[in-house]
Amino acid sequence: MQIPRNFKKNALTLKKPFFRQDVLDLAPALLGKLIVIDDGNQQRSFRITETEAYRGEEDMACHARKGRTKRTDPMYHTGGILYIYLIYGMHWMTNVVAGEANEPQAALIRSLDTVEGPGRTSKALGIDKGFNYKKLFDSDRIALLDDGLIPTYESLPRVGIDYAGDHWKNIPWRFKLNPSQLTDQ
DNA sequence: TGAGTGATCGTA
DNA sequence: ACGATCACTCAC
């Protein structure tokens, strides 16, 4: 589709209330949404195809299991900002903060229509620490657009959390867009 | 299957 | 101050 020049004021741009949903609703709702990045020179867009939910201090796979720290602080904010962190000294992870203030929740963006894997996703988007805390509903640099695709998806266990114990390791909080929805457009 | 890489946080 | 950990990727 043609991406509007001023996505900040575009009717398709997702607004604050969308992000205040519980992460178990928001993470699957992110599937099929367009993520638009404007680096000042050019604008690029990708469709979100895979997410994971991390939910609260009781979720033993969530960074917030150790409470509020300098790193996890963004997750304690009201939904709609980004939570960005570095993993393995190399890869930036892009997370959308969900829910209300003091409910630490975030959805990891794992894959895009043309990019598989959370590290590669951030790299493709040009996202690094500078995007931490950035608002998705009020930014000239980045926005999420809803062009009407209603996602159908499968739920799977989350990746890379062997330390979290059987319950949290197996709970199906990874969401993958049905691939046929990309070609049906 | 294993090396690379560095911010973060618990322990001191 | 130090050491363990880690929501990963790439090359072998």
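In what follows, every chain begins at residue 1, and chains take the letters A, B, ... in the order their sequences are listed.
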In whole angstroms, how far is the [atom2] atom of [N] from the [atom1] atom of [X]?
X	N	atom1	atom2	result
A/H91	C/dC10	NE2	P	7 Å
A/D73	B/dC9	CG	P	10 Å
A/Y88	B/dT5	OH	C1'	12 Å
A/M60	C/dA7	CE	C1'	15 Å
A/W92	C/dC6	CH2	C1'	14 Å
A/I109	C/dC8	CD1	C1'	16 Å
A/R68	B/dG10	CZ	C1'	20 Å
A/M90	B/dA3	CE	C1'	8 Å

Within residues 110-128 of chain A: residues closer than 4.0 Å to DNA chain C (heavy atoms): A/R110, A/G117, A/P118, A/G119, A/R120
For C/dA7 and A/H63 - does any side-chain N or O of the residue sit under 4.0 Å from the phosphate oxygens OP1/OP2? yes
Phosphate OP1/OP2 of B/dG10: any A/K70 side-chain N/O under 4.0 Å: no
Watson-Crick or G-U stems involving DNA chain B, each at least 3 pairs long, distances under 3.5 Å, ordered by first number: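 Stem list for DNA chain B: B:1-4 with C:8-11, B:6-11 with C:1-6.
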Need one value for [X]: base, sugar-phosphate or nothing, where a base atom within 4.0 Å counts as base even if backbone is also close, heavy atoms only.
X	value
A/I161	sugar-phosphate
A/M93	sugar-phosphate
A/R158	nothing

Are A/Y83 and A/H77 close enough that their ring centres sit under 6.0 Å apart?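 Aromatic pair excluded; centres sit 6.0 Å or further apart.
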Do the ring planes of A/F19 and A/F137 sit parallel (below 30°), tilted (30 to 60°) or perpendicular (above 60°)? tilted
Does either side chain, that of A/N95 or that of A/Y85, offer a donor lying less than 3.5 Å from an acceptor on the other one?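 Not at all, the side chains of A/N95 and A/Y85 share no donor-acceptor pair under 3.5 Å.
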Under 3.5 Å, is there a donor-acceptor pair between the A/E57 and A/Y76 side chains?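 A donor-acceptor contact under 3.5 Å links the two side chains.
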If you only use heavy atoms from C-beta on, which nucleotide in C/dA7, B/dC9, B/dG4 is closest to the side chain of A/Y83?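 Among the listed nucleotides, the one closest to the side chain of A/Y83 is C/dA7.
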If you check every side-chain atom of A/L86, which of B/dG6, B/dG4, C/dA7 has the closest atom?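 The nucleotide sitting nearest to the side chain is B/dG6.
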A/R174 NZ/CZ over A/Y153 ring centroid, <6.0 Å and within 45° of normal: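 Output no; distance or angle outside limits.
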Separation between CG (A/L112) and CD1 (A/I35), nearest 0.5 Å, reads 7.0 Å
With rounding to the nearest 0.5 angstrom, report the CG to CZ distance, A/L177 to A/R47. 8.5 Å
Does any donor-acceptor pair link the side chain of A/Y85 with the base of B/dA7 at a separation under 3.5 Å?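 By the distance-only test, no, there is no pair.
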Is there a donor-acceptor contact under 3.5 Å from the side chain of A/T94 to the main chain of A/S122? no
Heavy atoms only: give me the nearest A/G56-A/C62 pair and the separation to one decimal. O-CB, 3.7 Å
Which atom pair, heavy atoms only, marks the closest approach of A/I84 to A/K129? O-NZ, 3.7 Å
Near-parallel close stack of A/Y54 and C/dA7 base (under 5.5 Å, under 30°): yes
